[in-house]
Amino acid sequence: MMDNLHEDNEINGQNIKNEKGHLREHDRLRGRSGLYAAAIISAGLAIGGYLMGDGLVRMKQSDRAVTVRGLDEREVTADLATWNIAYSAQANDLQSAQAAMDRDTQAISAFFKEVGFDGDALQPTGVNVSQYSNDGVQTFTIRQRLSLRTTDIKKAQAAVKRQFDLVKRGVVLEDGSGMSYSFTKLNDIKPEMIAKATMDARKSAEQFAKDSGTDVGAIQSATQGYFEVTSRDGDDGGWGVTDTPYKKVRVVTTVQYNLD
């Protein structure tokens with residue numbers, strides 16, 4: 001009986017030792033896991049702090065920029081002339097008004113042949129007939145428009161200078177008559193003008209950078225303005241001369257440069 005009790009005590013003691021050993025091993029593993037977790041958290045905080053700091057540096061660098069404008073202008077000569085001729089004839093009956101209109105049309109055609117244009121150079125663009133009564137007297141008015149389009153700018157200029165000859169021949173010119181000149185080759189000069197305007201903008205940026213002790217970097221953004229075609233000398237023309245063949249083309253670009 002005593003021997004059995006002794007064995008039970010030894011077994012219980014061994015079990016207690018084993019349990020204590022397991023507890024110590026568990027505590028040791030928990031401590032090691034805690035150290036790993038702390039190390040991972042520390043590394044994460046360090047990396048996050050670096051990335052945040054680097055991001056702030058990049059953000060500050062992106063703020064170092066200058067926005068400037070560049071300009072390019074050039075003089076060109078129109079390559080298309082359009083002359084609109086508006087004229088009218090009046091009579092107390094429609095047949096007489098039409099006969100007067102036919103005479104004026106023949107006079108205009110003869111004039112353009114004299115100044116060097118073919119008979120089919122003039123094209124009709126519109127006609128209008130109106131009538132009104134004054135104390136029982138009927139009056140008919142016929143209005144007609146002809147248009148001339150030519151690329152011979154010198155010949156067009158010579159013709160418009162002689163336009164008063166039409167008045168001498170009895171042609172009643174109305175408002176809306178006049179020569180206009182167009183420059184149709186804008187696409188041919190656009191690339192070069194944009195390049196020069198951008199170069200002009202960079203010169204301004206370089207001067208700004210020099211004054212502030214920095215260097216000009218790459219282009220951050222750029223905006224092309226509208227191309228503007230105006231009379232070279234600001235000539236609005238006069239009666240019967242609505243335009244001039246001598247033009248000025250202008251473009252402005254807005255460019256933002258980084259500053260290094």
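Along the sequence shown, residues are numbered consecutively beginning with 1.
- Side chains of Gln163 and Met179 form no contact here, defined as non-hydrogen atoms less than 4.5 Å apart.
- Under the 4.5 Å side-chain heavy-atom criterion for grouping Ile, Leu, Val, Met, Phe, Trp and Tyr, Ile194 is not connected to Met199 through any hydrophobic cluster.
- Contact detail for Thr82 and Ser147: the closest heavy-atom pair is CG2-OG, 3.8 Å.
- Under the 4.5 Å side-chain heavy-atom criterion for grouping Ile, Leu, Val, Met, Phe, Trp and Tyr, Val127 is connected to Leu94 within one hydrophobic cluster.
- You'll find the side chain of Ile85 reaches within 4.5 Å of the side chain of Leu173, heavy atoms only.
- Summarising the geometry, atom CZ belonging to Phe111 is positioned 14.0 Å from atom CG belonging to Asp104; distances are rounded to the nearest 0.5 Å.
- Using a 4.5 Å cut-off on side-chain heavy atoms (C-beta onward), Tyr226 and Val251 make no contact.
- Listed here is the closest heavy atom pair of Ala159 and Val115: CB-CG2, 3.9 Å.
- Side-chain contact between Val249 and Leu186 is present, with at least one heavy-atom pair separated by less than 4.5 Å.
- In this structure, Arg149 places its CZ atom where only 12 or fewer heavy-atom neighbours from other residues, nucleotides or ligands lie under 6.0 Å away.
- Distance CZ/Arg145 to OG1/Thr125: 5.5 Å, rounded to 0.5 Å.
- Under a hydrophobic clustering in which Ile, Leu, Val, Met, Phe, Trp and Tyr are joined whenever their side-chain heavy atoms come within less than 4.5 Å, directly or via other members, Met193 and Val252 fall into different clusters.
- Between the side chain of Asp93 and the main chain of Gln95, a donor-acceptor pair closer than 3.5 Å is present.
- Side-chain contact check for Thr150 versus Lys155: every heavy-atom pair is 4.5 Å or farther apart.
- Note: the hydrophobic cluster containing Val129 also contains Val171 (ILVMFWY, side chain heavy atoms under 4.5 Å, direct or indirect links).
- Two residues are said to be in side-chain contact when any heavy atoms from C-beta on lie closer than 4.5 Å; Phe183 and Ile189 meet this criterion.
- Judged by distance alone, the side chains of Thr184 and Ser182 never bring a donor and an acceptor atom under 3.5 Å apart.
- Rounding to the nearest 0.5 Å gives a distance of 5.5 Å between CD of Glu73 and CZ of Arg250.
- Taking a 6.0 Å sphere around NZ of Lys113, one finds it holds 12 or fewer heavy atoms contributed by other residues, nucleotides or ligands.
- Across Ala97 and Ala89, no two heavy atoms sit closer than the pair O-CB, 3.8 Å.
- Between Phe140 and Gln98 there is no side-chain heavy-atom pair separated by less than 4.5 Å.
- Note: Asp152 CG to Gln157 CD = 9.5 Å, rounded to the nearest 0.5 Å.
- Phe208 and Leu71 fall into different hydrophobic clusters, where Ile, Leu, Val, Met, Phe, Trp and Tyr are joined by side-chain heavy atoms under 4.5 Å apart, directly or via other members.
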**Asked** Going through the checks in order, is the side chain to side chain contact (heavy atoms under 4.5 Å, CB included) test met by Leu259 and Asp215?
**Response** CA-CA 6 Å; Leu259 295 179; Asp215 295 321; over 6 Å; no

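- Aromatic rings from Trp83 and Phe117 are positioned such that their centres are separated by 6.0 Å or more.
- A salt bridge links Arg202 to Glu206: at least one charged side-chain nitrogen sits closer than 4.0 Å to a carboxylate oxygen.
- Side chains of Asp211 and Gln207: a donor on one and an acceptor on the other come within 3.5 Å.
- Minimum interatomic distance between Val66 and Ala205 (heavy atoms only, all atoms of both residues): CG1-CB, 4.1 Å.
- Remark: the Gln90 side chain and the Thr141 side chain contain an N/O donor-acceptor pair separated by less than 3.5 Å.
- Annotation: side chain of Asn187 is not in contact with side chain of Phe227 (no heavy-atom distance under 4.5 Å).
- Few gaps surround CZ on Arg162; more than 12 heavy atoms of other groups in view lie less than 6.0 Å from it.
- The distance from the OG1 atom of Thr198 to the CG atom of Asp72 is 9.5 Å, given to the nearest 0.5 Å.
- Distance OH/Tyr87 to CD1/Ile142: 10.0 Å, rounded to 0.5 Å.
- For the residue pair Asp260 and Gly217, the shortest heavy atom distance occurs at OD2-CA, 3.5 Å.
- Here the shortest heavy-atom pairing between Ser231 and Thr244 reads OG-CG2, 3.5 Å.
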